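Inspection log for the structure reproduced underneath, given as structure tokens.
Bear in mind the structure is a predicted one, so any value in this text is a computation, not a measurement. The first residue of the sequence shown is numbered 1, and numbering continues consecutively from there.
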Amino acid sequence: MIRALFFDLDGTLLTTDRRLSDVNAAALAACRERGIKLFVATARAPRLANTLGWGEREFSLFDGCIYFNGGYVCVGDETRFYTIAADVVSEIVACVAAFPGARLCLLMPDHLQALNHDPDDGSLSNWGYNPAKLAALDNSSMANTIKLLVYHDDSGSIPLKTEIADALRSVCKDRAQFYLTDHDSLIQITALESNKASAIRRVAVRLGLREDEIAVFGDDYNDLEMIRAFPESVAMGNACPELKAAAKYVTLSNDDDGIAHALKQLLHLL
């Protein structure tokens, strides 16, 4: 029997315009009424009120959130985060510097960020940067980085060059988690022990859940670990081919209320 659900956000629970549809919200609420626990498992930072405009309607549906691809876990009053090794961050910063125009952001506890560029209006609106929370790109920041982003522009629509992806993948090998996502326009890096699957397992231990009592939902490469780790796994209709191949089920797309469809027609929870 499934007792807990973990949802990726972008491309999964959210529509393309980053909304939680009324149909999906109603399906989640119905699951909660049946005693099923609900969790977010996202690459995003813990600033959903700012970046997505979430309020009581959305937050009240969930029992906890996994942020930064597993680098930051919030369940009840407990919050834990896992930082990337400082020497790895330092090498990544140096590697990015060798590629003119490549943008980099270090994400730290307390919503702090450090950038290798001056934030413009695009940075503030698309990435949710807070000018009051900008820190220097120095040793202190590199020693406290939970997640690191590399991208070309603030729209997130221009693919990164293969050379920079290959160079950073080499730096991260066996030392940090490396993900090339968003149609090859965004590199996401977290601590070696941090991914969505490991974070979900930590939550499961705390709540006394077995792996077969958990269902997971995703669409992109950074969801692969959790899709492969848990037998009740659902890929969205818009998911990348590797995720669809790894998942037990494939549902409708994120713009066709694929979550509600999966909960009702595939997992038979409603």
Side-chain angles (χ1 to χ4, degrees), residues 1-44 46-67 70 72-80 196-220 223 226-227 229-239 243 247-270:
M1 180 178 69
I2 293 175
R3 297 172 54 203
L5 308 173
F6 290 80
F7 302 95
D8 172 56
L9 289 181
D10 295 277
T12 301
L13 187 58
L14 303 181
T15 60
T16 299
D17 58 357
R18 300 177 179 177
R19 292 182 302 103
L20 175 60
S21 74
D22 290 340
V23 172
N24 281 340
L28 298 188
C31 285
R32 281 185 65 87
E33 290 175 2
R34 287 159 173 75
I36 300 172
K37 294 188 178 296
L38 309 181
F39 298 87
V40 166
T42 181
R44 285 182 174 271
R47 301 193 304 273
L48 304 185
N50 294 331
T51 56
L52 295 176
W54 275 26
E56 179 65 18
R57 169 184 179 263
E58 292 81 13
F59 285 118
S60 64
L61 293 170
F62 297 98
D63 296 278
C65 293
I66 293 167
Y67 300 105
Y72 192 111
V73 182
C74 301
V75 181
D77 295 330
E78 182 180 354
T79 298
R80 293 188 179 183
K196 292 185 181 184
S198 63
I200 293 171
R201 288 192 178 105
R202 293 184 183 111
V203 175
V205 168
R206 171 173 173 163
L207 299 180
L209 297 169
R210 300 192 311 268
E211 289 192 353
D212 62 352
E213 294 177 320
I214 293 168
V216 297
F217 304 76
D219 75 301
D220 211 339
D223 299 318
M226 71 174 184
I227 290 291
F230 298 94
E232 297 299 320
S233 57
V234 181
M236 305 304 293
N238 51 286
L243 206 79
K248 180 177 181 179
Y249 306 104
V250 177
T251 186
L252 303 178
S253 77
N254 62 318
D255 287 326
D256 294 313
D257 295 315
I259 293 299
H261 176 80
L263 295 174
K264 295 175 183 177
Q265 304 300 326
L266 302 179
L267 299 177
H268 306 293
L269 297 178
L270 302 176

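- Closest heavy-atom contact between V234 and A262: CG1-CB, 4.0 Å.
- In plain terms, the two heavy atoms of L269 and R34 that are nearest each other are O-CD, 3.4 Å.
- The aromatic rings of W54 and F62 lie parallel to each other, their planes meeting at an angle below 30°, with 60° marking the opposite boundary.
- The SG atom of C31 lies 6.0 Å from the CG atom of L38; values are rounded to the nearest 0.5 Å.
- Counting only distance, with no hydrogens or angles, the side chain of R57 and the backbone of A25 share no donor-acceptor pair below 3.5 Å.
- The closest donor-acceptor contact from the side chain of R32 to the backbone of L28 lies at 3.5 Å or more, if one exists at all.
- Residues T16 and N254 have side chains in contact (heavy-atom distance under 4.5 Å, counting atoms from C-beta outward).
- Using a 4.5 Å heavy-atom threshold, the side chains of Y72 and R44 count as separate.
- By the 4.5 Å heavy-atom criterion applied to side chains, C65 and T42 are not counted as neighbours.
- For the pair T251 (side chain) and G258 (backbone), a donor-acceptor distance under 3.5 Å is present.
- Counting only heavy atoms from C-beta outward, the side chains of L252 and D257 never approach each other to under 4.5 Å.
- Annotation: side chain of K248 is not in contact with side chain of I227 (no heavy-atom distance under 4.5 Å).
- The side-chain contact (heavy atoms from CB on, under 4.5 Å) check on D17 picks up T15, R19, with sequence neighbours excluded.
- At distances below 3.5 Å, not a single donor-acceptor pair connects side-chain atoms of N238 with backbone N or O atoms of D219.
- Checked by atom type and distance alone, the side chain of K196 pairs as donor or acceptor with a backbone atom of A41 at under 3.5 Å.
- Panel note: side chain E58, backbone G55; a donor-acceptor pair is recorded below 3.5 Å.
- Taking CD1 of I66 as the reference point, atom CG of L9 lies at 11.0 Å (rounded to 0.5 Å).
- Panel note: side chain D63, backbone F39; no donor-acceptor pair is recorded below 3.5 Å.
- The two residues A239 and A235 come nearest to each other via the heavy atoms CB-CB, 4.1 Å.
- Taking 4.5 Å as the limit, every side-chain heavy atom of T12 sits out of range of all side-chain heavy atoms of D220.
- Residues passing the side-chain contact (heavy atoms from CB on, under 4.5 Å) test with E213, sequence neighbours excluded: R3, L209, R210.
- Within the 3.5 Å criterion, the main-chain N or O of V75 finds a donor-acceptor partner in the side chain of R206.
- Every residue two or more places apart in sequence or in another chain that forms a side-chain contact (heavy atoms from CB on, under 4.5 Å) with A215 is listed here: I2, L5, F217, E232, L267.
- Across every non-hydrogen atom of A199 and G70, the tightest pair is CB-CA, 3.7 Å.
- Scanning both residues, N24 and A260, for their nearest heavy atoms gives OD1-N, 2.9 Å.
- You'll find the side chain of I214 stays beyond 4.5 Å of the side chain of V203, heavy atoms only.
- Nearest heavy atoms, S233 versus A247: OG-CA, 3.4 Å.
- For R47 and Y67, the positive end is not near the middle of the six-membered ring at less than 6.0 Å and at most 45° from its axis.
- Side-chain contact between L207 and K37 is present, with at least one heavy-atom pair separated by less than 4.5 Å.
- Distance CZ/R18 to CG/L48: 11.5 Å, rounded to 0.5 Å.
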